[in-house]
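Remember, predicted model here, so these are calculated numbers, not experimental data. Counting starts at 1 for both ligands and their atoms, following the listed order.
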Amino acid sequence: MNSEFKKIAVIGSGTMGSGIALVLARAGIDVNIVDVEQKFLDLGVQSIENFLNSRIRKGKMNDQEVNILKKKIHPFLKLEDATRDIQLVIEAITEDEKSKKQLFEELEIHCDDQVIFATNTSAIKISELATATKRPDKFVGMHFFNPPALMNLVEVIRGDKTSDITIESIISLCKFLEKTPVLSKEAPGFIVNRLLWVFLNESYKLLENGIAERDHIDKAIKLGLNHPMGPFELSDYIGLDVVLEIGEYIKNQLGEQYEPASLLRKMVNDGKLGKKSGSGFYNY
Ligand code: 3HC
C-alpha cells in the first residue's frame with residue numbers, strides 16, 4: 001500500500017505533535033516537525049529519540065531500524081522552510097482559536113495550492129479555522145488521541161466546505177498509518193471529547209459532592225466499565241488545563257449544562273495540572 005503523502009509538516013512539537021510525527025515516520029513518511037523555539041523543538045525530538053532508544057533497550061527495534069526512522073524526522077523553526085515540497089500540514093499547536101487562525105494565515109502564504117490543511121483541534125469548529133485560509137475545501141479535522149503511537153482512533157472531521165476528495169485522502173492516510181478513522185461533523189468536541197467531557201465533569205461532581213472517594217470512583221470505572229484508566233487518572237494524564245479548555249469551549253457553544261465543576265476550575269487555578277505539573281488528582 002502506498003500513501004499519496006510522502007512528506008508532511010507537523011506544526012507543534014508538544015505531546016501530540018511529537019507523537020503524531022512518530023506515527024508518520026513509523027509508516028515511512030518524511031516529517032518536517034516545526035516549533036517556534038529551539039528549546040520546544042529539542043524537547044519534542046528528544047521525546048521521540050527517548051522512545052526509540054527504549055525500543056532498542058527492550059530489543060523491539062535494532063539500531064539500523066531506529067536510524068532509518070530518525071532520518072525521517074526533520075526539525076524546523078521556520079514555516080517557509082518546513083512547508084517546502086509537502087502534501088499535507090497537520091497542525092497540533094496550543095488549543096487557542098486565535099493562535100491557530102494566525103498560524104493558518106501564515107501557512108496559506110507559504111504552502112502550494114494543493115496542500116491539504118489538517119488540524120488536530122480537540123473541539124474547535126473546523127469551518128471557523130478554515131476561514132483563515134483560501135482553501136476551505138482542503139481543510140479538515142484530523143484528531144488523534146494521546147498517546148498517538150498507541151491509540152488507534154483518528155476522528156476525521158468535515159467542515160462546511162471540506163470536499164469529498166479531501167475526506168477520502170485523509171481516511172486513506174489514517175488506514176495507511178494503521179489507525180481507524182471515524183467520521184464526524186463539526187459539533188463542539190466532535191464525538192469523543194463531547195462524551196468524555198460529560199463523563200469527566202460528572203466524576204469531578206461525584207468527588208466534590210462527597211458521593212464517593214477518588215480511588216473508589218477510578219476503581220469503579222476501571223473494573224465496572226473495563227476502562228484502562230479511571231476518570232481521575234485519565235484527567236491527570238491528559239492535563240487538567242486541557243480538559244478545562246475543552247469543557248469551557250463545549251459550554252460556550254452548547255450551554256450552561258456543560259459548566260465545568262468548580263473543583264476542576266480550582267485545581268487549574270492552583271496550578272494542579274496533572275502529571276505534567278507533578279500533581280493533580282494524584283501526586284507524581
Ligand atoms: N508513546 C509510544 N509508546 C508508548 C507510549 C507513548 N507515549 N507510552 C507507552 N508506550 C509503549 C511502551 O513502551 C510499551 O511498549 P512495549 O510493551 O513494547 O514495551 C507499551 O506502549 C505499553 O506501555 P505501558 O505498559 O506503559 O502501557 P499501558 O498498557 O499501561 O497503556 C495507555 C498505557 C495506552 C496510556 C493506557 O493506559 C490507556 O489506554 N489509557 C487511556 C488513554 C486515553 O484514554 N487516551 C485518550 C485521552 S483523550 C484525548 O487524547 C483527546 C484529546 O483531545 C484530549
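- Near Ser122, meaning under 4.0 Å from any of its heavy atoms, are these atoms of ligand 1: 53 (O).
- Side-chain atoms of Asp160 do not come within 3.5 Å of backbone N or O of Ser127 as any donor-acceptor pair.
- In this structure, atom 45 (N) of ligand 1 lies nearest to the protein heavy atom Asn146 O, 2.8 Å.
- Here the straight-line distance linking atom CD1 of Ile116 with atom CD1 of Ile8 works out to 9.5 Å at 0.5 Å rounding.
- Contacts of Asn193 with ligand 1, taken as heavy-atom pairs under 4.0 Å, involve the side chain alone.
- Formation of a donor-acceptor pair under 3.5 Å by the Asn201 side chain with backbone atoms of Glu259 is found in this model.
- The atoms of ligand 1 that sit less than 4.0 Å from any heavy atom of Pro147 are 6 (C), 7 (N), 35 (C).
- The closest protein non-hydrogen atom to atom 39 (O) of ligand 1 is Pro228 CG, 3.5 Å.
- Annotation for ligand 1: atoms under 4.0 Å from non-hydrogen atoms of Lys60 are 16 (P), 17 (O), 18 (O), 19 (O).
- With hydrogens left out, the protein atom closest to atom 13 (O) of ligand 1 is Lys58 NZ, 3.2 Å, a heavy atom.
- Of all atoms in ligand 1, listed by their number and element, those nearer than 4.0 Å to a heavy atom of Ala149 are 1 (N), 2 (C).
- Using a 4.0 Å cut-off between heavy atoms, His143 contacts ligand 1 through its side chain alone, with no backbone atom that close.
- The option from Val242, Val192, Asn120, Leu150 that lies nearest to atom 22 (C) of ligand 1, judged by heavy atoms, is Leu150.
- Nearest protein heavy-atom neighbour of atom 3 (N) of ligand 1: Phe51 CE1, 3.0 Å.
- Note: Phe176 and Phe5 fail the aromatic proximity criterion, with ring centroids not under 6.0 Å apart.
- Those atoms of ligand 1 that come under 4.0 Å of a heavy atom in Ile238, given as number and element, are 47 (C), 48 (S), 54 (C).
- Using a 4.0 angstrom heavy-atom cutoff, His227 does not count as in contact with ligand 1.
- Nearest residue to atom 44 (O) of ligand 1 from Leu234, Leu153, Ile246, Leu52 is Leu234 (criterion: closest heavy atom).
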Stepwise side chain to side chain donor-acceptor pair (under 3.5 Å) check, Glu91 with Thr119: CA-CA 5 Å; Glu91 168 276 313; Thr119 168; 2.5 Å; yes
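- Ligand 1 places these atoms under 4.0 Å from at least one heavy atom of Phe145: 49 (C), 50 (O), 51 (C).
- Salt bridge Lys100/Asp96: absent, no basic N to carboxylate O contact under 4.0 Å.
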